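Worksheet: the structure to be examined is printed underneath.
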Amino acid sequence: MSVDAVLLVGGKGTRLRPLTLSAPKPMLPTAGVPFLTHMLSRIRAAGITHVVLGTSYKAEVFEEHFGDGSHLGLELEYVVEEVPLGTGGGIRNVADRLRGDTAMIFNGDILSGVDLGAVLDTHREADADVTLHLVKVEDPRRFGCVPTDGDGRVTAFLEKTDNPPTDQINAGCYVFRRSVLESIPAGREVSVERETFPGLLASGARVQGHVDASYWLDLGTPAAFVRGSADLARGIAPSAALPKPAGEAIVLDGAVLREGATVTGGATIGAGCQLGVDAKVDGAVVFDGAVIGAGAVVERSVIGAHARIGDGAVVRDAVIGDGAVVGANCELRDGVRVWPGVHLPDGGVRFSADA
Ligand code: GDD
Ligand code: MG
């Protein structure tokens with residue numbers, strides 16, 4: 001069975017603003033490399049080599065970085081939507097690039113340990129039109145809720161519903177029979193979750209579920225993003241892009257750590273960063289060129305490229321945009337986001353998003 005992979009990477013990554021103002025979500029660095037590198041490495045490890053990226057928002061960034069994909073052992077193609085076509089429209093839009101009868105579709109923000117070969121086996125054994133990778137989560141309301149019957153057959157698809165009938169959700173990876181993919185209407189916006197899947201179920205198509213309990217995380221929010229990066233660094237989340245788990249810290253080329261500075265909890269320190277005396281970075285992602293002052297504490301946060309955190313500042317569960325300056329002794333907590341280039345003065349400004 002020849003399988004093409006399709007990656008949906010056209011979303012705006014709104015929940016990760018301001019980080020996604022300068023880079024599309026799948027290109028944000030996680031454990032030292034653009035997130036997509038981890039996904040591509042797992043696709044390659046499963047033996048799939050032809051990958052089509054459905055892009056829209058900041059489309060050019062992907063090709064600039066990954067090129068033809070040959071350095072990853074892949075053949076990459078890019079299909080740009082001038083106007084975003086939605087998830088279903090994005091899938092339909094790449095139909096003429098497919099080479100085989102089976103396409104494996106991926107949301108571009110999922111960190112997962114699922115055995116892709118096993119998902120394909122389920123699809124083949126059930127002779128399904130579409131097979132969905134499903135996982136169980138604590139709060140299914142933020143996802144597509146997908147109940148199945150005793151044979152694993154999907155009985156409904158309820159995107160972001162307030163009263164989900166089960167904790168089993170769409171994990172953002174589908175196998176499509178090519179003819180079914182081609183039946184999605186072309187040239188207009190289509191949501192695969194709200195239109196295609198419910199339509200297929202209503203028409204009696206065979207939609208199969210593949211339930212899996214391995215590592216799974218959608219990196220769409222700042223909290224999930226920092227956790228995903230730390231889990232990758234520590235080897236809790238699988239990636240074929242990291243030869244071995246890095247452990248408690250990834251410190252990239254040219255970063256300078258002064259005396260007493262500590263990096264723990266799977267944190268990544270980007271290239272050329274500077275950490276002052278006794279600075280503490282725990283479970284955070286620090287982009288290239290950022291400066292963390294003496295005695296500053298940065299926990300579970302993202303520090304944008306070339307941002308500066310002043311001496312003695314405390315940054316917990318926050319997102320600091322590229323080039324922003326957080327003055328000495330400021331305290332930022334609980335989901336605060338500082339926009340790129342903003343300067344917060346020295347002297348103990350305290351912000352909590354809950355306040
Ligand atoms: N090409 C293209 N065009 N891609 C798009 C578009 C578009 O118009 N809109 C969104 N995407 C891509 C995003 O870049 C992302 O990789 C993927 O589609 C899913 O979009 P998200 O914005 O991350 O959706 P979500 O997380 O709220 O929900 C989706 O994923 C959940 C699993 O994480 C849904 O598929 C849910 O049903 C699912 O449970
Ligand atoms: Mg998502």
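All ligand and atom numbering here is 1-based and tracks the order in the structure. Excluded from the calculations below are hydrogen atoms, water molecules and symmetry mates; all remaining heavy atoms, backbone and side chain alike, are included. Computed from a prediction, not measured in an experiment: that's the story for all the values here.
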How about [atom1] on [X], more than 12 heavy atoms from neighbouring residues, nucleotides or ligands closer than 6.0 Å, or not?
X	atom1	answer
Arg141	CZ	no
Arg188	CZ	yes
Asp139	CG	yes
Asp167	CG	yes

| query | Glu159 and Ser191: side-chain hydrogen bond (donor to acceptor under 3.5 Å, both in side chains), yes or no, with the steps? | reply | CA-CA 10 Å; Glu159 182 68 9; Ser191 161; over 6 Å; no

| said: Quick test of your reading of the model: are Asp127 and Arg177 salt-bridged, counting only N-O distances below 4.0 Å? | reply: yes

| message | Between the side chains of Asp317 and Arg300, is the shortest nitrogen-to-carboxylate-oxygen separation below 4.0 Å, so that they form an ion pair? | response | yes

| message | Using a 4.0 Å cut-off on heavy atoms, what residues surround ligand 1? Order them by chain and number. | response | Leu8, Val9, Gly10, Gly11, Arg15, Lys25, Gly54, Glu81, Pro84, Leu85, Gly86, Thr87, Asn107, Gly108, Asp109, Ile110, Phe143, Gly144, Phe157, Glu159, Lys160, Asn170, Tyr174, Glu193, Trp216, Asp218

| request: Classify the angle between the aromatic ring planes of Phe197 and Phe157 as parallel (below 30°), tilted (30 to 60°) or perpendicular (above 60°). | output: tilted

| remark: Given a cut-off of 2.8 Å, the protein N, O or S atoms lying below it from the Mg ion (ligand 2) are Asp109 OD2, Asp218 OD2

| message | Apply side chain to side chain contact (heavy atoms under 4.5 Å, CB included) to residues Phe225 and Phe35 and explain how you reach the verdict. | response | CA-CA 10 Å; Phe225 180 79; Phe35 177 68; 5.5 Å; no

